Amino acid sequence: MTLAGLSLAYLKDRALNTALNILLLTLSVATLVILVLFSSQLAERFERDAQGIDLVVGAKGSPLQLILSSIYQVDVPTGNIPLATVDLLRADPTVAEVIPLALGDSFRGYRIVGTEPAYVENFGGVLAQGQMFAADYQAVIGAQVARETGAGLGQKFVGSHGLSGDGHDHEETPYEVVGILAPTGTVLDRLIVTPVGSIWAAHGFAPPPAEGAAEDHDDHAGHDHDHDHDHDHDGDGHQDHAAHDHEDGHEDAHDEHAEAEPEHAAHAGGGDLEVTALLIKYRSSMAAVRLPNFINKQTELQAAAPAVEMTRLLSLLGVGIDAVRAFAILLMATSGLSIFVALYSALRQREGDMAMLRVMGARPGAIFGHIVLEGVLLAAAGALLGVAVGHAVVAASAASFPQLRDMGLTAARFETAELVIVMAAIGMGALAALIPALKVFRVDIAKTLADTR
Amino acid sequence: MTTPAEPLIEVRNLRHEIDGRCVMAAPAFAAAKGEHTLLLGPSGSGKTTLINVITGLITPTSGEVRIAGQLMSALPAAQRDQLRRRTIGVVFQTLRLIGALSVRQNLALAQRLALGQNDSTAIEALIAQVGLTHRADARPRELSQGEGQRAAIARALCARPAIVVADEPTSALDDANAIAMSDLLLATAEATGATLLIATHDNRLRARFDRTMTLAAPQVAA
């Protein structure tokens with residue numbers, strides 16, 4: 001039996017009080033750990049998914065929505081923009097690369113993105129199996145899609161209209177898996193990428209001829225279609241096809257969609273074809289000054305910089321995060337006070353014990369250390385339990401909420417900040433024990449023994 | 001049975017005052033190794049103060065206390081603690097067992113503090129000697145008064161101190177328990193060869209000691 005053992009024995013002796021103090025600290029540490037895991041992984045994910053992209057061009061609307069839908073694939077697009085914008089921007093000398101995105105369909109909740117191989121390369125995507133898509137209806141699937149759906153090379157699947165996965169199926173235009181990507185830790189892991197032409201064709205639009213000549217389709221100017229599908233526009237809200245705008249109130253039966261296909265096909269030639277958004281990489285810093293203004297002056301277009309929008313989003317989220325963090329710190333301070341009160345009160349009751357320890361030869365410094373250790377043990381138990389609970393909550397949240405899982409939130413990661421939180425909690429426990437412990441240096445043993453008979 | 005030898009406790013011209021008032025004035029006396037002394041005196045005569053001075057918890061106003069040849073009052077606090085830790089076992093009237101620890105743990109802690117290590121065999125033997133083997137894992141609050149006293153005596157002896165002092169160990173006990181308590185102290189001190197000094201106002205114990213010393217109530221100056 002050592003003085004450290006005595007510290008543990010005292011904690012066990014008042015188990016309820018000890019448990020309540022540990023619980024209080026566990027709650028505050030767990031809250032802080034959840035915040036750390038969530039905010040750090042969110043910020044990191046934002047940064048990783050936006051890597052290499054300087055500007056996003058899309059339909060007018062909320063710039064944040066444009067960024068969320070085009071880069072993070074978590075919101076519905078703002079609309080579509082003319083395909084001609086691609087050539088317009090590619091002709092700009094300050095632009096290094098333009099990657100078109102065509103959204104609108106999904107498979108079992110995973111978005112089908114019409115794009116070019118450059119999109120995959122932007123995220124450092126490497127094929128684990130198969131090859132890159134080379135023709136319409138060929139699809140390359142992300143690592144998470146392959147894992148969750150069990151899809152393999154050569155397998156065919158049918159995309160569903162809309163991004164929520166509960167729209168009607170495009171049964172007449174199945175995709176074939178020609179490649180599976182290795183995990184990248186980016187949004188690519190949960191996407192199905194295919195040529196933009198696949199999206200057009202799936203919705204009854206022929207891609208433009210190879211030479212890029214556009215036919216004149218005046219009868220589809222503005223590209224609003226009143227021939228409606230039996231679309232189910234719940235979940236993600238209204239999700240525009242990449243190739244055309246649907247107006248609200250889609251009431252026709254689904255089979256009418258098939259009847260309307262020839263009309264869509266009449267768009268062949270590309271003059272009225274549309275894409276959802278364009279991811280832009282600058283060639284020179286001059287572009288950052290000039291290009292957004294130029295694009296925003298176009299009546300149909302808006303430009304949004306991921307860095308700006310994400311900073312704005314994080315600062316908005318930051319207010320909430322700061323509020324919760326302040327609450328957690330307050331909770332931690334409360335638990336520190338609670339430990340102080342518990343130890344102070346316990347030591348008042350144990351003054352006789354302290355005096356007896358001195359009679360038995362314990363040095364004041366050793367008794368001081370034993371009392372501080374009691375506070376440290378309490379705090380360490382609360383802190384370690386808090387870390388465990390924090391990670392468990394994150395794991396449970398990621399398992400329960402697909403959005404968080406898709407965001408890449410994982411409990412299997414430890415941040416340096418967690419170590420700081422644990423050390424702060426333990427330091428606070430030691431601090432809370434300090435004042436009661438210091439009393440041992442002032443104790444009059446003989447008087448205490450006489451007073452505490 | 002005691003045998004005269006080199007004094008382990010030596011008291012000379014001892015006097016202690018609080019706020020100028022004399023609370024203890026002890027006659028010179030010495031106790032050799034293995035000697036059993038009963039220190040008698042009425043309430044207020046300064047018995048507890050004398051015990052505190054002998055154990056180094058109080059520095060006397062004047063006079064000398066030597067423990068194992070060392071002048072207690074001349075030692076720095078750390079050395080006084082060390083001397084007490086290694087040389088003296090104390091039994092109090094109120095037992096003062098650590099409530100959060102079992103009987104066995106109380107002994108183990110006292111032994112660890114005194115010797116810096118635990119000898120579990122010696123602890124078990126001592127627990128058996130005071131008849132508490134079946135109560136070794138009990139907490140003090142679960143013990144009867146008699147069991148608690150036996151545990152306190154075992155704790156005072158677990159580091160095999162050269163000196164055992166007891167302050168009013170029987171004052172709250174009936175005759176039978178008072179005699180049992182003093183017999184146990186005498187027997188265990190005899191078994192370990194410790195010098196025993198019991199401070200009490202309980203005259204029932206006088207017959208069991210061959211050496212007694214009386215502490216008179218200090219004179220109050222007119």
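Since the model is a prediction, treat every value here as computed from it, not as a measurement. Every heavy atom of this structure was used, including side-chain atoms; hydrogens, water molecules and symmetry mates were not. Residue numbering restarts at 1 for every chain, and letters A, B, ... go by the order of the sequence lines.
Counting non-hydrogen atoms of neighbouring residues, nucleotides and ligands closer than 6.0 angstrom, the CZ atom of B:Phe29 exceeds 12 such neighbours. For A:Arg413, the CZ atom is densely surrounded, since the number of other residues' heavy atoms within 6.0 Å is greater than 12. Heavy-atom neighbours of B:Asn13 CG from other residues, nucleotides or ligands within 6.0 Å: at or below the threshold of 12. Applying the 6.0 Å contact sphere to CD of B:Glu17 captures more than 12 heavy atoms from other residues, nucleotides or ligands.
Distance check: A:Leu357 CG to B:Leu109 CG gives 6.0 Å after rounding to the nearest 0.5 Å. The line from CG of A:Leu3 to CG of B:Leu113 is 5.5 Å long, rounded to the nearest 0.5 Å. For the atom pair CG (B:Leu95) and CE (A:Met356), the distance works out to 10.0 Å, reported to the nearest 0.5 Å.
When the options B:Arg85, B:Arg155, B:Arg112 are evaluated for a side-chain contact (heavy atoms from CB on, under 4.5 Å) with A:Met360, the one that passes is B:Arg155.
Although no hydrogens or angles enter the test, the distance criterion places a donor-acceptor pair under 3.5 Å between the side chain of B:Arg84 and the main chain of A:Arg358.
For B:Asn52, the part lying near chain A is the side chain, with the backbone staying farther off; criterion is any non-hydrogen pair under 4.5 Å. Both the backbone and the side chain of B:Ala78 come within less than 4.5 Å of a heavy atom of chain A. Contacts between B:Leu97 and chain A at a heavy-atom distance below 4.5 Å involve the backbone alone (N, CA, C, O). Residue B:Ile98 touches chain A through both its backbone and its side chain, counting heavy-atom pairs closer than 4.5 Å. Only the side chain of B:Arg139 comes within less than 4.5 Å of a heavy atom of chain A; its backbone N, CA, C and O stay farther away.
Closest heavy-atom contact between A:Asp13 and B:Gly99: OD1-O, 4.3 Å.
Annotation: maximal heavy-atom pairing with chain A below 4.5 Å, among B:Asn118, B:Leu83, B:Asn106, occurs at B:Asn118. Annotation: maximal heavy-atom pairing with chain A below 4.5 Å, among B:Ala100, B:Ala156, B:Ala110, occurs at B:Ala100.
Under the 4.5 Å side-chain criterion, counting only non-hydrogen atoms from C-beta, B:Leu57 is in contact with A:Val359.
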